[in-house]
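Taking it in order: structure first as structure tokens, then the write-up.
So that the names make sense, note that chain A is the first sequence line, chain B the second, and so on, each numbered from 1.
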Amino acid sequence: MSKETIYYGPNADENKKKLSKVQDVTSLALGVGAGILAPEPVYGFLFYVIGYTVSNIAFYITCCEGLQGRAGQFYKSPVKEIFVDNLLHNIPEYIMMWCLVYALVK
Amino acid sequence: MSPDLLLDPQLKYWVLLPISFVMVLVGILRANVTQLMSGGPKLTPFKKFREQSFLGRVGAFRANNSVLTEQEFQQRQEYFIATLNTDHFYSEPISEDDKPANPFTDPSTNDAMMNMMKGNLMNYIPQTLIMGWINYFFAGFVIMKLPFPLTDSFKQMLQNGVATPDLNVRYVSSISWYFVNLLGLRPIYTILLQDSSAVDALMQQQSQTQQVPTIGGPGGPKVDKVYKAEAENLQVVDHKSIFDGIVERVLEAN
């Protein structure tokens, strides 16, 4: 019989909130970095995707204890929720910071 | 590659940053005002609640009557049936006409409409004001160069009011910075407000999706019908007490 984990709603929400906070700050910081480095457009978006994924991996390992295989205790579908769901959602923030810092340091 | 345009460095201090600053402040103000106007949770009138909870009580009795002895069951059944057939627990007197009430005379519906209107006002007024402000003060010049190229179809929107038809689309006017801010300020609000539900409401307002208020339709079944039906259900309840033959069962088990 397979064991099914039951998630307590408020706790799951809290976990999601924490994750999205980390991701918000990450995309803002990446935007600042991109503005200063002023990469070519294609590399700019690549920079976002790579930096974002690296920070998500760090989150997965440190906060979710993913290496011990415990991420499933915190998120229903950890890989999807951590790595994929907010990728597009956070792009406007990145672009805003990128534009702002780019314009400021130029 | 066309040569770079020289932009006055003062532009960023007097146009770019003020726009962001004002938008952040207005967003926070709006979140607070929305919270103030939304008020507390609405209470159910106690008679309405009593009506519901009496029905709940009857339901519980029907579900759990096996813990009662025969005599206790009889007593309660009589009481419930008698009470269900009177209007003692009705929240309002039953009107004779069968017409469903007009949903627009219902005060709760009016409340919902009012809330929707408030939300829309809170949505449109600040946006119109800020856009008007930007168009009034900062119209007609290029303020920044975007870090990435765009296709020419964005020209219409992003270089609105700039009188140079052949300018590279990367140079944009102030109104486009406003749009970028509109989309990208969510994490700033999240960090400043520490309350993501308010932020979600805010971003939802900004994305102009309107939520339809829950307007009470032309009512469920009338309460007297529900009570009558419940009384009939109660009449046919088959009572089987757990105390029936308990001595034999205990002795058998040993």
Side-chain angles (χ1 to χ4, degrees), chain A residues 9-52 55-56 59 81 85-106, chain B residues 1 4-21 23-24 27 142-151 154 158 168-174 176-200 203-204 206-207:
Chain A
N11 282 356
D13 286 350
E14 190 63 29
N15 288 339
K16 270 196 182 163
K17 231 186 255 174
K18 227 163 235 173
L19 173 67
S20 75
K21 188 164 184 180
V22 169
Q23 287 174 337
D24 284 347
V25 175
T26 306
S27 45
L28 288 182
L30 284 172
V32 174
I36 294 169
L37 294 173
E40 287 296 303
V42 180
Y43 294 116
F45 287 105
L46 218 66
F47 179 72
Y48 168 71
V49 173
I50 292 173
Y52 191 74
S55 101
N56 281 340
F59 183 86
E81 276 177 50
D85 273 0
N86 287 328
L87 188 65
L88 290 177
H89 190 71
N90 283 334
I91 277 191
E93 310 156 16
Y94 170 73
I95 289 179
M96 185 192 73
M97 253 3 220
W98 188 10
C99 292
L100 179 65
V101 177
Y102 185 79
L104 285 181
V105 298
K106 190 99 170 98
Chain B
M1 188 77 194
D4 276 358
L5 217 63
L6 189 65
L7 299 176
D8 189 343
Q10 292 296 316
L11 276 176
K12 43 196 170 192
Y13 304 121
W14 294 102
V15 181
L16 211 58
L17 290 178
I19 290 177
S20 313
F21 193 64
M23 285 196 67
V24 171
V142 169
I143 61 160
M144 66 190 294
K145 186 185 174 198
L146 291 180
F148 44 84
L150 293 166
T151 53
F154 285 96
L158 298 183
N168 189 340
V169 199
R170 290 179 70 170
Y171 293 96
V172 295
S173 65
S174 47
S176 54
W177 177 237
Y178 164 78
F179 283 121
V180 171
N181 265 329
L182 199 65
L183 296 172
L185 276 178
R186 191 184 55 86
I188 310 278
Y189 295 140
T190 320
I191 292 166
L192 288 177
L193 291 175
Q194 302 284 335
D195 178 10
S196 61
S197 62
V199 176
D200 288 343
M203 293 313 285
Q204 200 191 2
Q206 277 180 358
S207 61

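B:Ile191 touches chain A through its side chain: at least one heavy atom from C-beta onward sits under 4.5 Å away, while N, CA, C and O do not. For chain A, the nearby parts of B:Leu146 are the backbone and the side chain; heavy atoms of each come within less than 4.5 Å. Proximity to chain B involves both the backbone and the side chain of A:Ala103, based on heavy atoms less than 4.5 angstrom apart. Contact of A:Ile91 with chain B is not made at all, since no heavy-atom distance falls under 4.5 Å. Interface residue A:Val25: only side-chain heavy atoms are found under 4.5 Å from chain B. Of the two parts of A:Leu104, the backbone and the side chain both hold a non-hydrogen atom closer than 4.5 Å to a non-hydrogen atom of chain B. Contact of B:Leu17 with chain A is made through the side chain alone, with heavy-atom distances under 4.5 Å.
Note that the CG atom of B:Leu16 and the CG atom of B:Leu11 stand 8.5 Å from one another [nearest 0.5 Å]. Once rounded to the nearest 0.5 Å, the distance linking CD of A:Gln23 with OG1 of B:Thr190 reads 12.0 Å. A distance of 11.5 Å separates CG of A:Leu30 from CE of A:Met97, quoted to the nearest 0.5 Å. Taking CG of B:Leu7 as the start and NZ of B:Lys145 as the end, the distance is 9.0 Å to the nearest 0.5 Å.
Of the listed residues B:Ser20, B:Pro9, B:Pro149, the one with more heavy-atom pairs under 4.5 angstrom with chain A than any other is B:Pro149.
The main-chain N or O of A:Leu87 is found under 3.5 Å from a side-chain atom of A:Tyr48 such that the two form a donor-acceptor pair.
B:Phe148 has its ring centre less than 6.0 Å from the ring centre of A:Trp98.
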